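Taking it in order: structure first as structure tokens, then the write-up.
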Amino acid sequence: MRILHTSDWHLGRSFHGVGMLSAQQQFIDRLVETVRRREVDAVLIAGDVYDRALPGVDVVRLLDSALERITAAGAKVILSSGNHDSAARLGFGSRIFERGGVFLRTRISEIAEPVLLETGGTPVAVYGIPYLEPRLAAPELGVDVPHHAAVVAEAVRRITADVQHRSEAGHPVQPVAMAHVFASGGITSDSERDLTVGGVGAVPLDLFDGFAYTALGHLHGRQELSRSVRYSGSPLPYSFSEARQDKGGLLVEFDGEGLVSVDPVLWPAPRRLAVLRGPLAELLADPALAEAETAYCQVTLTDDERPAKAMEAVRSRFPDTLVLTFEPASGPRAAGQTYSQRLAKATDDLEICCGFLDHVRSRQADEQEKQLFADVLSKVQSAEAAQ
């Protein structure tokens, strides 16, 4: 039994203003090819299928195509809603979709209803836990405290009860949990610390001790919290902080007795990300940066003064620069001086005007600009004297 663990597709997302639908189509192509080549039995999508609650028509069509292609390749699809999804919209038609091999887990009432996958021995039972907004989920779950850890703990309790009931009835299963949460091994169940990532509160790692495998979503970097508790990470990089991460999914294999292996599946992004830092002249001349010429770039210039037409100059070599920032390596700004501190040292009106220009554009006034300020100030002073 092979399960492909994925999460955080974020279909419809843009990257610093650049649409990603084409790149998302390409990762789906690779996913379908993986399903065929590795004979995958089920694909899990652990939340944030869409990037927003109201996805565009073309985005919905992309998911529709993906589900059809995956099931045609021979795999079932089990997906749950994340904090970016509208659970009600994503879960529409769930009972009908099950007939075609697509299992949607977006409702609290379905938490203890597993999808059974045959292994030739003890079947794998996949339980989908949708993202549980504490204030909304707590009343339906009968939880007094609207806290992430409390609502997820109650969801796990319901699943554990179902697993135990099946075992007592002579139908044991290997339980697998899907959850869109921020799991932290350093927090116990009764902790008063309230840590959050992306607006999702932390839940203790030990909640998932009773599962054969736990497929987590929400964090975009692949992570192994324990042998059986993992984040697959997002299939594409969605921020420059993910530039060095390997993207793809996790291939999870079971036999009739338990978890056999978990192996990464890599899907290289269509466009690389590059994070560059240094003085403008060095970045434009450094031959080691040749690969960045075809990448999406985030560039931080460390020149003491902001170069004129900086973006135009950067894009002359790195045409797909999407983010440009300025952090001088020396000078008043690097020393942490505020504009007020610099203004207090000004000795005349000309210095104040030039200091303001320096403040708003991070580059000192040149001689022509200084002369223009001086001429204007002279005219103002002459007009005042004439009054």
Side-chain angles (χ1 to χ4, degrees), residues 6-31 33-34 48 51 59 62 84 197-198 218-224 231-250 264-331 333-336 358 360-364:
T6 73
S7 72
D8 298 273
W9 287 18
H10 286 281
L11 298 181
R13 189 162 187 152
S14 62
F15 187 79
H16 295 281
V18 177
M20 299 194 69
L21 216 57
S22 175
Q24 290 172 335
Q25 176 68 69
Q26 291 183 56
F27 99 69
I28 290 171
D29 292 342
R30 295 187 174 97
L31 184 152
E33 193 252 334
T34 300
D48 282 355
D51 189 57
V59 180
L62 180 58
H84 278 246
V197 168
H218 183 53
L219 300 185
H220 288 191
R222 180 181 296 136
Q223 297 185 45
E224 178 181 345
Y231 285 96
S232 66
S234 59
L236 288 171
Y238 289 123
S239 71
F240 280 104
S241 65
E242 302 170 43
R244 297 184 181 275
Q245 295 177 2
D246 292 328
K247 294 298 185 179
L250 292 172
V265 178
L266 302 182
W267 300 320
R271 293 289 294 273
R272 291 180 55 254
L273 302 185
V275 179
L276 310 179
R277 182 184 181 88
L280 176 61
E282 291 183 13
L283 295 179
L284 296 180
D286 190 349
L289 301 180
E291 288 189 0
E293 294 173 4
T294 57
Y296 288 135
C297 295
Q298 174 184 282
V299 178
T300 301
L301 299 179
T302 59
D303 302 78
D304 291 342
E305 292 188 354
R306 185 190 298 270
K309 299 181 180 180
M311 181 62 91
E312 181 179 332
V314 169
R315 285 180 170 169
S316 68
R317 183 181 184 190
F318 309 107
D320 290 315
T321 297
L322 304 182
V323 178
L324 178 63
T325 57
F326 177 60
E327 294 180 12
S330 61
R333 298 176 195 81
D358 183 15
V360 297
R361 73 176 186 184
S362 301
R363 186 173 74 254
Q364 294 182 2

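The shown structure was predicted, so the numbers you read here are calculated from the model rather than taken from an experiment. Position 1 is the first residue of the sequence; numbering continues from there.
The two residues Val275 and Ala243 come nearest to each other via the heavy atoms CG2-CB, 4.2 Å. Heavy atoms only, all atoms of each residue included: Phe326 and Asp304 are closest at CZ-O, 3.9 Å. Pairing each heavy atom of Phe15 with each of Met20, the nearest pair is CB-SD, 3.6 Å. What you find for Gly248 and Trp267 is that their closest heavy atoms are CA-CE3, 3.4 Å. Residues Leu21 and Gly12 come closest through the heavy atom pair CD1-N, 4.2 Å. Closest of all the heavy-atom pairs between Pro307 and Leu280 is CB-CD2, 3.7 Å.
Screening residues 274-286 for salt bridge (Lys or Arg N to Asp or Glu O under 4.0 Å) gives Arg277-Glu327 as the qualifying pairs, with residues at least two apart or on separate chains.
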Between Thr300 and Thr325, does the side chain to side chain donor-acceptor pair (under 3.5 Å) criterion hold? Intermediate values first, please. CA-CA 5 Å; Thr300 301; Thr325 57; 3.0 Å; yes
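Considering only heavy atoms from C-beta on, Arg222 stays 4.5 Å or farther from Ser232 through its side chain. Within the 4.5 Å cutoff, the side chain of Pro270 has heavy atoms near those of the Leu236 side chain. Val265 places none of its side-chain heavy atoms less than 4.5 Å from the side chain of Leu250.
Rounded to the nearest 0.5 Å, atoms CG (Leu31) and CG (Asp29) are 9.5 Å apart. Here the straight-line distance linking atom CD of Glu242 with atom OG of Ser234 works out to 4.5 Å at 0.5 Å rounding. In this structure, NZ in Lys247 is found 14.5 Å from CZ in Arg30, a value given to the nearest 0.5 Å. Separating the OG1 atom in Thr302 from the CG atom in Leu283 is a distance of 7.5 Å, to the nearest 0.5 Å. Atom CZ of Phe240 is separated from atom CG of Leu276 by 9.0 Å, given to the nearest 0.5 angstrom.
Listed by chain and residue number, Asp8, Arg13, Asp48, Asp51, His84, His220, Tyr238 satisfy the side-chain contact (heavy atoms from CB on, under 4.5 Å) test with His10 (two or more places apart in sequence, or in another chain). In this structure Phe27 satisfies the ring pair (Phe, Tyr, Trp, His ring centres under 6.0 Å) test together with Trp9, sequence neighbours excluded. Partners of Glu33 according to the salt bridge (Lys or Arg N to Asp or Glu O under 4.0 Å) rule, which considers only residues two or more places apart in sequence or in another chain, are Arg37.
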Listed pairs under 3.5 Å, donor-acceptor, residues 309-316 side chains, sequence neighbours left out:
residue, atom, partner, partner atom, Å
Arg315, NE, Thr321, O, 3.2
Arg315, NH2, Thr321, O, 2.8
Ser316, OG, Ala313, O, 2.5

Give the table of side-chain donor-acceptor pairs shorter than 3.5 Å for residues 289-299, with sequence neighbours excluded, one pair per line with atom names and distance.
residue, atom, partner, partner atom, Å
Glu293, OE2, Arg317, NE, 2.9
Glu293, OE2, Arg317, NH2, 3.2
Thr294, OG1, Glu291, O, 3.4

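Judged by distance alone, the side chain of Thr6 and the main-chain N or O of Gly249 form no donor-acceptor pair under 3.5 Å. Not a single donor-acceptor pair under 3.5 Å links the side chain of Arg306 to the backbone N or O of Pro328.
In summary, the side chains of Ser22 and Gln25 do not present any donor paired with an acceptor at a separation below 3.5 Å, with no hydrogens or angles considered.
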